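Quick notes on the structure that follows.
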Amino acid sequence: MDTSITLTVDGSEHTLDVDTRTTLLDALRERIGATAPKKGCDHGQCGSCTVLLEGRRHLTCLALAVAHDGDEIVTAAGLTGSAADPASRGEDALHPVQQAFLDHDGYQCGYCTPGQICSAVGVLDEAKQGHPSHVTDDLEVGGDVELTDEEIRERMSGNLCRCGAYVGILDAVRQAAGQTPGRGVDPARHTHDHETEGAR
Amino acid sequence: MKELTYVRADDAASAVATVSADPHARFLGGGTNLVDHLKLGVATPSTLVDVSRLPLDTVEVLEGDRGGLRIGANVRNSDLAAHPVVRSTFPALSRSLLAGASGQIRNQATTGGNLLQRTRCVYFQDVTTPCNKREPGSGCSALEGYGRYNAILGTSADCVATHPSDMAVGLAALDADVVVLGPDGERRVPLADLHRLPGHHPEDDTTLAHGELITAVELRGSELTRHSTYYKARDRASYAFALVSVAGALELDGDVVRDVRIAWGGVAHKPWRATVAEQALRGEVYSEDAVRAAAAEELRAAETGDDNAFKVAMVRNATALVMHQLASKQQHPQQGGTR
Ligand SMILES: Cc1cc2nc3c(=O)[nH]c(=O)nc-3n(C[C@H](O)[C@H](O)[C@H](O)COP(=O)(O)OP(=O)(O)OC[C@H]3O[C@@H](n4cnc5c(N)ncnc54)[C@H](O)[C@@H]3O)c2cc1C
Ligand code: SF4
Ligand code: FES
Ligand code: FES
């Protein structure tokens, strides 16, 4: 059965006829040509298809396109300029999270990267809203969450990287979160990073 | 995937009417389990009635001296875990939600869908293998196959699968009620009675009739629920289903156990309320040995194979750990944190 749906993707509106069985991921990639979200596992297990849906990080492989008729989606490609900072709409400036992944080599082959980046944007926003995680010690302390290394690792655990670029990914998210290196886990390993941070 | 008709429900009653009238229709929540099953061929509905946009998306704080909550079925797992009253009055619920899935999935998954997610038994998800739950009468591949995640309590010769939800285990320890809307109106089901043991009908996960819609979950707060937490043992530190898990609540009066709740995950076809262990502890002087003895009593009925025998000791140790955390927080209240 075909149904007409409208999706706003990275700021532009698309109306298309989709079979009801089409996933949001396939609609984005195969129909709209938004190829930033990647198909890794297609079963919710790897996070490479992550986008921001109505402003929150969300998988697209376990979602039907028809169920998201009318929704607004921002992919990692759409973060550049506009979504990050409405004032810079139309400019080529990188989103601070994108810049951080570049600064810290938060990837190797790059396949998981668009999902990692959208997920990291979601993590920063959830932390700002005071959302706790599995490793948050005291649930009753509300407000801004301090993104220690342990918190970042836990909150990013829905995004796998087959290349194992986790060290760079952690460094990138830490920079985007405005944290100094090494807090939470194994501070000794990051002493050097800390000293050279300004020089990067 | 089979051809599908998709309907976005306008209101709960019409959603119930549509699904009740059609044996091949199913409700769609966040889709994180059902869409996976469509792809795997495990679920083959002809119609999906999308209930995820019904206005059942608020957490209402109920009046009363202890405080209670009415959680709409569409409240997302992440929002529920972050709700201030859940964090303060029902910490086992926050903890159990945060121990499950990933940040993305918790943003997408609904309270109703989480309760009704189906087993992760590898054979259930693989349509090329016999499975009584997926195809009644075809046999159970897990009995002689990969058994690491198999149940140890309340199993039957027809199915040894475990219920996968962390949240449901938290809710079981908190004595939650599930509010259900059917063609004849609303009813309340205690969470402990929502899921069933497999018996000869492992195809039925729950006691709900086809077409009954979960609209809310209700909780009543107390000193006991305030002193609750959740522990999950798994094969990796994050983003993995439970081997075993324990939701506990403990209220001490000096050294004496005034009241206690223990629910286990990863051990049975449903969240397992350890009522034998609770009964053994209530009114007794709290000690780790007493907790271990009580857990051992509950586990006397356990049946294990080579692959899952470890679960007996693991769930006993996890229970001791959870109770120790809760007891020491009451005996030394200045030390925060119940993780
Ligand atoms: C990779 C991965 C890892 C995961 N890890 C964990 C984990 O560690 N712990 C854990 O607990 N869970 C885990 N999950 C499962 C996840 O929590 C569930 O998939 C999710 O909670 C289901 O909610 P949903 O809204 O997406 O349900 P859906 O997939 O939409 O629906 C699930 C079922 O519920 C029915 N349904 C939905 N809403 C209602 C309603 N209101 N009334 C009646 N029936 C309804 C549907 O018909 C369907 O049968 C994981 C999932 C994935 C993909
Ligand atoms: S344990 Fe249950 S779900 Fe798994 S194969 Fe056997 S019958 Fe199927
Ligand atoms: S492709 Fe969606 S989680 Fe792997
Ligand atoms: S960079 Fe290759 S998968 Fe992550």
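Given the structure is predicted, the values throughout are model-derived calculations rather than measurements. Naming convention: chains lettered A, B, ... in sequence-line order (proteins, then strands); numbering from 1 in each chain.
For the pair Gln104(B) and Ser119(A), the minimum side-chain heavy-atom distance is below 4.5 Å. Counting heavy atoms from C-beta on, the side chains of Glu154(A) and Leu98(B) never come closer than 4.5 Å. With a 4.5 Å cut-off on side-chain heavy atoms, Leu59(A) and Thr32(B) do not count as touching.
Interface remark: Leu160(A) contributes side-chain atoms only to the contact with chain B (heavy atom separation under 4.5 Å). Both the backbone and the side chain of Ala99(B) come within less than 4.5 Å of a heavy atom of chain A. Thr3(A) does not touch chain B: none of its heavy atoms, backbone or side chain, sits under 4.5 Å away. Using a 4.5 Å cut-off between heavy atoms, Lys2(B) touches chain A through its backbone atoms (N, CA, C, O) alone. Neither the backbone nor the side chain of Gln129(A) comes within contact range of chain B, judged by heavy atoms closer than 4.5 Å. Using a 4.5 Å cut-off between heavy atoms, Ser78(B) contacts chain A through both its backbone and its side chain.
A distance-only check finds no donor-acceptor pair linking the side chain of Arg21(A) to the backbone of Leu4(B) [under 3.5 Å]. A donor-acceptor pair under 3.5 Å links the side-chain atoms of Arg87(B) to the main chain of Val141(A), judged by distance alone. Between the Lys39(B) side chain and the Cys61(A) main chain, a donor and an acceptor come within less than 3.5 Å of each other. In this structure, Arg56(A) contributes its side chain and Gln108(B) its backbone to no donor-acceptor pair below 3.5 Å. Looking only at distances, no side-chain donor or acceptor of Asn107(B) sits under 3.5 Å from a matching main-chain atom of His58(A).
Across Asp42(A), Thr23(A), Leu64(A), the residue that shares the most heavy-atom pairs under 4.5 angstrom with chain B is Asp42(A). Your options are Asp79(B), Val86(B), Leu97(B), and the one with the most heavy-atom pairs under 4.5 Å with chain A is Asp79(B).
Counting all heavy atoms, side chain and backbone alike, Ser88(B) lies closest to Glu140(A) at CB-OE1, 3.7 Å. Summarising the geometry of Tyr6(B) relative to Met1(A), their closest heavy-atom pair is N-CE, 3.9 Å, with the distance given to 0.1 Å. Summarising the geometry of His131(A) relative to Ala82(B), their closest heavy-atom pair is CD2-CB, 3.5 Å, with the distance given to 0.1 Å. For the residue pair Leu139(A) and Ser94(B), the shortest heavy atom distance occurs at CD1-CB, 3.7 Å. What you find for Leu40(B) and His43(A) is that their closest heavy atoms are CD2-CE1, 3.6 Å. Taking all atoms of both residues into account, the shortest heavy-atom contact from Gly158(A) to Ser102(B) is CA-CB, 3.5 Å.
For Asp71(A) and Arg53(B), the salt-bridge test passes: some basic side-chain N is under 4.0 Å from an acidic carboxylate O.
In this structure, the separation between CG on Asn33(B) and CG on Leu62(A) is 9.0 Å, given to the nearest 0.5 Å. With rounding to the nearest 0.5 angstrom, the OH atom of Tyr230(B) is 10.0 Å from the NE2 atom of His134(A). Separation of atoms OG1 (Thr20(A)) and CG (Leu48(B)) is listed at 8.0 Å; rounding is to 0.5 Å.
Counted within 6.0 Å of NE2 on His324(B), heavy atoms from surrounding residues, nucleotides or ligands total 12 or fewer; the atom is thus considered open. The number of heavy-atom neighbours closer than 6.0 Å to NZ of Lys128(A), taken from other residues, nucleotides and ligands shown, is 12 or below.
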